[in-house]
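Below is one structure; the comments refer to it alone.
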2 protein chains.
Amino acid sequence: MAPNKELQEQRMRGYFKDATREILKGEGLKALSVRTVAERAGYSFATMYNYFRDLNELIFLCVNDFMEECETLVNEVGTEMEPGRERLNVRVKAYISYFTQYPGIFELFFVEKMNDIGSKHPTARTIYEFSDKLFGEDVEVLTGALPYAEKINRDILDNLRHSVTGMLLFYNNRLQPRDYREFIAIALRQTELCLAPAYA
Amino acid sequence: MAPNKELQEQRMRGYFKDATREILKGEGLKALSVRTVAERAGYSFATMYNYFRDLNELIFLCVNDFMEECETLVNEVGTEMEPGRERLNVRVKAYISYFTQYPGIFELFFVEKMNDIGSKHPTARTIYEFSDKLFGEDVEVLTGALPYAEKINRDILDNLRHSVTGMLLFYNNRLQPRDYREFIAIALRQTELCLAPAYA
DNA sequence: AAATATAATTAACATTGTTTATTATTTTAA
DNA sequence: TTAAAATAATAAACAATGTTAATTATATTT
């Protein structure tokens, strides 16, 4: 019988991708190296280069998986609520919770340099628009009836993106504020403030 | 005559600090290494270890210099204006301008991991409170007469810190948005939005 | 079953931060 | 002033990183 090369290759790539994901979710980017990935995958580090251009390609592939995972988690909360202010709150909370639980993934999404092509990469834009995708529906409900709804919508979503990312950056990267409960309290309060333009 | 050991040591440390500052402002963190610093300072890389515990100590020392420099620049604009909304705008603009001009310094302040002690370092808190220091006076003028002035003050400054840091992170690290003019436009608009609680 | 193609691994290189050993220099003491 | 001692500067070396080239093992094909 003819061996299924395609299947074999997919499996090999899977082993390395899984290993990368596990390390990123567990120990974080700092612990990620060609050697640690290969060891967990059960192969020599040089084998990786037979299936991926370099370590960066491997990392990029994980970003999409993590985005899906995060989106799923966010979509699992507030399912019984109707779109709007309250639901936005619990969804933002789930979003924040994901990135504090896996600071390595936050780092990967928003902090890490993304060498060479980095910023030109379509992934950069996808990440930029990620929070819009998650919070857009709730915000739209709040602004729908207003004049200049679209503009206000844009303002709120921008502010949400920047605020939440900024807060997570300080908390994950600098432990400011020190206490998690205080951090969550501030985060939720700030989320409320972002909605102000909808109530002006 | 007795040689002034203290002076000699201060000079040596100065050479390395200056070299570090120049590299950080120019090529950025990526280009910074024990070897590149030492070369620019005119000494062997091993000599650095006679004057600093490690490369991190050297880097930390630069943070304070950069903060002073940034503060000076911000204080140089809007001097003829009276504190308030308009002045806050130009000051925020100057602040943003500094960190887009020197993305390596932004990286150092907000992005870089700060190994080991990192977040426990007092510098982490100083950085966290840096925007409060720069924008506090203007915001206070806007909220001074309001009930719950202090609380609102806190909210606005928090939002400013997180928003501006978040925007800079996306722009410097991910080139989102791609165009600088668009970025500045959004930034100023978001700054205005942060002040909303003062006009509620 | 031998020849060939493919895949996996070892060896090697360049670059990083850091430590240890060695050399050069300066200071101190006779 | 010169020999001894202390200090400062450097070179050599190590471990860890990403990556490439050479080599070995394994499949595949004839």
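Residue numbering restarts at 1 for every chain, and letters A, B, ... go by the order of the sequence lines.
Below 30°, between 30° and 60°, or above 60°: for B:Tyr180 and B:Phe183 the angle between ring planes is between 30° and 60°, a tilted geometry.
Between the CG atom of B:Leu55 and the C1' atom of C:dT19 there is a distance of 15 Å, given to the nearest Å. Between the P atom of D:dA8 and the CG atom of B:Leu7 lies a distance of 14 Å, rounded to the nearest Å. To the nearest angstrom, C1' of C:dA7 lies 11 Å from CD of A:Glu9. Rounded to an integer number of Å, the gap from CZ of A:Arg13 to P of C:dA7 is 13 Å. For the pair B:Tyr49 OH and D:dA13 C1', the interatomic distance rounds to 14 Å; values are reported in whole Å. Separating the CD atom of A:Glu39 from the C1' atom of D:dT17 is a distance of 15 Å, rounded to the nearest angstrom. We find that CG of A:Asn50 is positioned 14 Å from P of D:dT19, with the value rounded to whole Å. The CG-P distance, from A:Leu32 to D:dT17, rounds to 10 Å in whole Å.
Partner of A:Leu195 under the side chain to side chain contact (heavy atoms under 4.5 Å, CB included) criterion, out of A:Thr143, A:Ile152, A:Leu142: A:Leu142 alone. For the side-chain hydrogen bond (donor to acceptor under 3.5 Å, both in side chains) with A:Arg189, the lone residue among B:Asn159, B:Asp155, B:Asp158 that qualifies is B:Asp155.
Mapping B:Met12 and B:Arg35 onto DNA chain D by nearest heavy atom places B:Met12 at the nucleotide closer to the 5' end.
With sequence neighbours left out, A:Glu182 forms a salt bridge (Lys or Arg N to Asp or Glu O under 4.0 Å) with no residue at all.
Backbone-only engagement by A:Tyr51 is indicated by non-hydrogen atom pairs under 4.0 Å involving sugar-phosphate atoms exclusively.
At a non-hydrogen distance threshold of 4.0 Å, B:Tyr43, B:Ser44, B:Phe45, B:Ala46, B:Thr47 from residues 40-48 of chain B come into contact with DNA chain D.
Applying the under-4.5 Å side-chain rule to Ile, Leu, Val, Met, Phe, Trp and Tyr, the cluster around A:Val90 extends to A:Val77, A:Met81.
Checking side-chain atoms of B:Arg161 against main-chain N and O of B:Tyr128 turns up a donor-acceptor pair under 3.5 Å.
Between B:Ser33 and C:dT15, a side-chain N or O to OP1/OP2 separation shorter than 4.0 Å is absent.
Side-chain heavy atoms closer than 4.5 Å link hydrophobic residues (I, L, V, M, F, W, Y) into clusters, and following such links, possibly through other members, connects A:Phe110 to A:Ile59.
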